[in-house]
There are 2 protein chains.
Amino acid sequence: MKHDLRVIKTQESLRHALLELLKVKPLEDISIAELCRLAQINRGTFYSHYKNVHQVFKHYLEVIVEDFRRAYEEPYIKTRFKIENMNADMIQIFHHVKKYQDFYQIVFDHRIPMMYYYLLFDSVRTFIEESLVKNQIDKEEGTLEDYLLSYQTNAILGLLIEWHRKDYQTNAEELNKQLITIISLNSPFRN
Amino acid sequence: MKHDLRVIKTQESLRHALLELLKVKPLEDISIAELCRLAQINRGTFYSHYKNVHQVFKHYLEVIVEDFRRAYEEPYIKTRFKIENMNADMIQIFHHVKKYQDFYQIVFDHRIPMMYYYLLFDSVRTFIEESLVKNQIDKEEGTLEDYLLSYQTNAILGLLIEWHRKDYQTNAEELNKQLITIISLNSPFRN
DNA sequence: AATTTTATTGAACATGTGTACATTAAAATT
DNA sequence: AATTTTAATGTACACATGTTCAATAAAATT
């Protein structure tokens, strides 16, 4: 049974232990053995739930990425998908990232596998795709559409990479303004 | 001495052995021990040259990224930095990536650390920055400039991510056309 | 050619990885 | 409450990691 109490207890112990260790050392330096010792879980048991430490971290990130989606969505909903009416203080993604800065610092770390980046990428890309449909913009032919979407998606993530490199020093409001400026001189989906 | 013949021999053996192993298994599955066995290098010696297998691979990637730069530069030089005059068959980056597809498949793999992506990112970003200077476009104020550059840079890399996901099926000429289409509806540095 | 310098080797050690399997114990089912 | 199911444990094994250090051998220097 999937909802076996023992399974839940084991996984929660491991996840909790991971958060504890992350207070002390970077994700890449946390071994399975150490995690299991702290969680008081047999190392063999670990492997029947996760393949590596990253799989444990991924659980947290999935929740956060879901929240990212909400943050991204907000101005679209407020403007009823009329992007022209969007203004800087409606943008929530940078506030969201700032809120979970500890996690995003891990995601953008140069030692961390691309999988987290792709998790974020997919989430943003799917939303942009959906918002185009809702905005009733004519879809281009299939392949161009795909490339255009990935181009746009990754451009947004480029801002986050730059923010990361600036150690999240730029404040979120400032970034909101910059994004508005950029997409106004640079709106690929304008009619 | 840095040019000690023994050092050169050791490093070349390791690099050569890595290429051999890459024909057989993915980078993430290659252990230091295995690499050293094949290269006939003592494992202790490995650590006095490299920290991990990625550092060995990085050597190759640096050469390739330098070639990427040349590919990126080509249309700018041909048009003497007048982007308006650029046309699809001048673009060389996709041909370049196709040529080194085996390597880019590794770079964009979800298990691989972000470091390679950043290596590419930095190279592209630096070139875009330089090309703006040569194109004598007024620089914006410092911070916006940084974010705009990273936005643009990552947008380009978004195309490569999409290509990777399509298993490099789209042909390079097609991609050239798509890029021209995208940047024509979407040129942030237009005057 | 003799000497000095230093890269490489080999061995050892503590720890981590991934897997296997019989045993135990805790949950679900009857 | 008794029984069945199965998750978790403990142990073992082969191999990998990262580090240390004395011994060796191959370079560079004289």
Of all the choices, dT8(C), dA16(D), dG18(D), which nucleotide is nearest to the side chain of Ile32(B) once you look at every atom?
dG18(D)

Under a 4.0 Å threshold between the charged nitrogen and the carboxylate oxygen, would Glu20(A) count as salt-bridged to Arg15(A)?
no

Which nucleotide, dT9(D), dT9(C), dT19(C), lies nearest any side-chain atom of Ile41(A)?
dT9(D)

Specify the residue among Ile30(A) and Lys9(B) whose closest nucleotide of DNA chain C lies further upstream toward the 5′ end.
Lys9(B)

Do NZ/NE/NH1/NH2 and the carboxylate oxygens of Arg125(A) and Asp122(A) come within less than 4.0 Å?
no

Candidates dA8(D), dT8(C), dT17(D) - which lies nearest the side chain of Ala33(B)
dT17(D)

Could you state the atom-to-atom distance from CD of Glu12(B) to P of dA7(C) in whole Å?
17 Å

His54(B) NE2 to dT17(D) P, straight-line distance once rounded to whole Å:
11 Å

Does Arg165(B) count as lying over the ring of Tyr118(A), i.e. NZ or CZ under 6.0 Å from the six-ring centre, within 45 degrees of the axis?
yes

Taking only the side-chain heavy atoms of Leu5(A) (C-beta and beyond), determine which of dA27(C), dA16(D), dT6(C) contains the nearest atom.
dA27(C)

What's the closest nucleotide to the side chain of Arg6(B) if the choices are dA27(D), dG16(C), dA16(D)?
dA27(D)

Please walk me through it: do Tyr104(A) and His96(A) pass side chain to side chain donor-acceptor pair (under 3.5 Å)?
CA-CA 10 Å; Tyr104(A) 285 100; His96(A) 158 88; 2.6 Å; yes

Ile8(B) CD1 to dT6(C) C1': how many Å, rounded?
15 Å

Taking the side chain of Asp4(A) as its heavy atoms from C-beta onward, which of dA27(C), dG10(C), dG10(D) lies nearest to it?
dA27(C)

Once you round it to whole Å, what is the distance between P of dA16(D) and NZ of Lys51(B)?
20 Å

For dA7(D), does OP1 or OP2 lie under 4.0 Å from any side-chain N or O of His49(A)?
no

Within this structure, what is the OH-to-P distance between Tyr47(A) and dT9(D), rounded to whole angstrom?
15 Å

N or O in side chain of His3(B) less than 4.0 angstrom from dA27(D) OP1/OP2
no

Could a donor-acceptor pair under 3.5 angstrom be found where the side chain of Arg43(B) meets the base of dG18(D)?
yes

Mind calculating the distance between OH (Tyr50(A)) and P (dT19(C)) to the nearest angstrom?
17 Å

When you get a sec, tell me which of dA7(C), dA8(D), dT17(C) is the closest nucleotide to the side chain of Val7(B)?
dA7(C)

For Glu34(B) and for Gly44(B), locate the closest nucleotide of DNA chain D by heavy-atom distance; then report the residue assigned to the nucleotide nearer the 5' terminus.
Glu34(B)

Kindly say if Thr10(B) contacts the phosphate of dT8(C), meaning a side-chain N or O under 4.0 Å from OP1 or OP2.
yes

Tell me whether the count of non-hydrogen atoms from other residues, nucleotides or ligands lying under 6.0 Å of NZ in Lys98(B) goes above 12.
yes

What does the inter-axis angle of the helix from dA1(C)-dT30(D) to dT30(C)-dA1(D) come out as, five pairs per end, nearest 10 degrees?
30°

Pair Lys177(A)-Glu173(A), salt bridge (Lys or Arg N to Asp or Glu O under 4.0 Å): steps then yes or no:
CA-CA 6 Å; Lys177(A) 278 188 243 159; Glu173(A) 285 78 16; over 6 Å; no

For the residue pair Phe46(B) and Tyr50(B), does the interplanar ring angle fall in the parallel (under 30°), tilted (30 to 60°) or perpendicular (over 60°) class?
tilted

Hey, is the main chain of Leu119(B) close enough, under 3.5 Å, to the side chain of Ser123(B) for a donor-acceptor pair?
no

Look at all strands and tell whether Gln40(B) reaches a base, only sugar-phosphate, or nothing, counting heavy atoms closer than 4.0 Å.
sugar-phosphate

Here the distance between atom C1' of dG18(D) and atom CG of Asp29(A), to the nearest Å, is 13 Å

Is there a side-chain contact between Thr45(A) and the phosphate of dT9(D), meaning an N or O under 4.0 Å from OP1 or OP2?
yes

Calculate the interatomic distance between Phe46(A) atom CZ and dT9(D) atom C1'; express it in whole Å.
16 Å

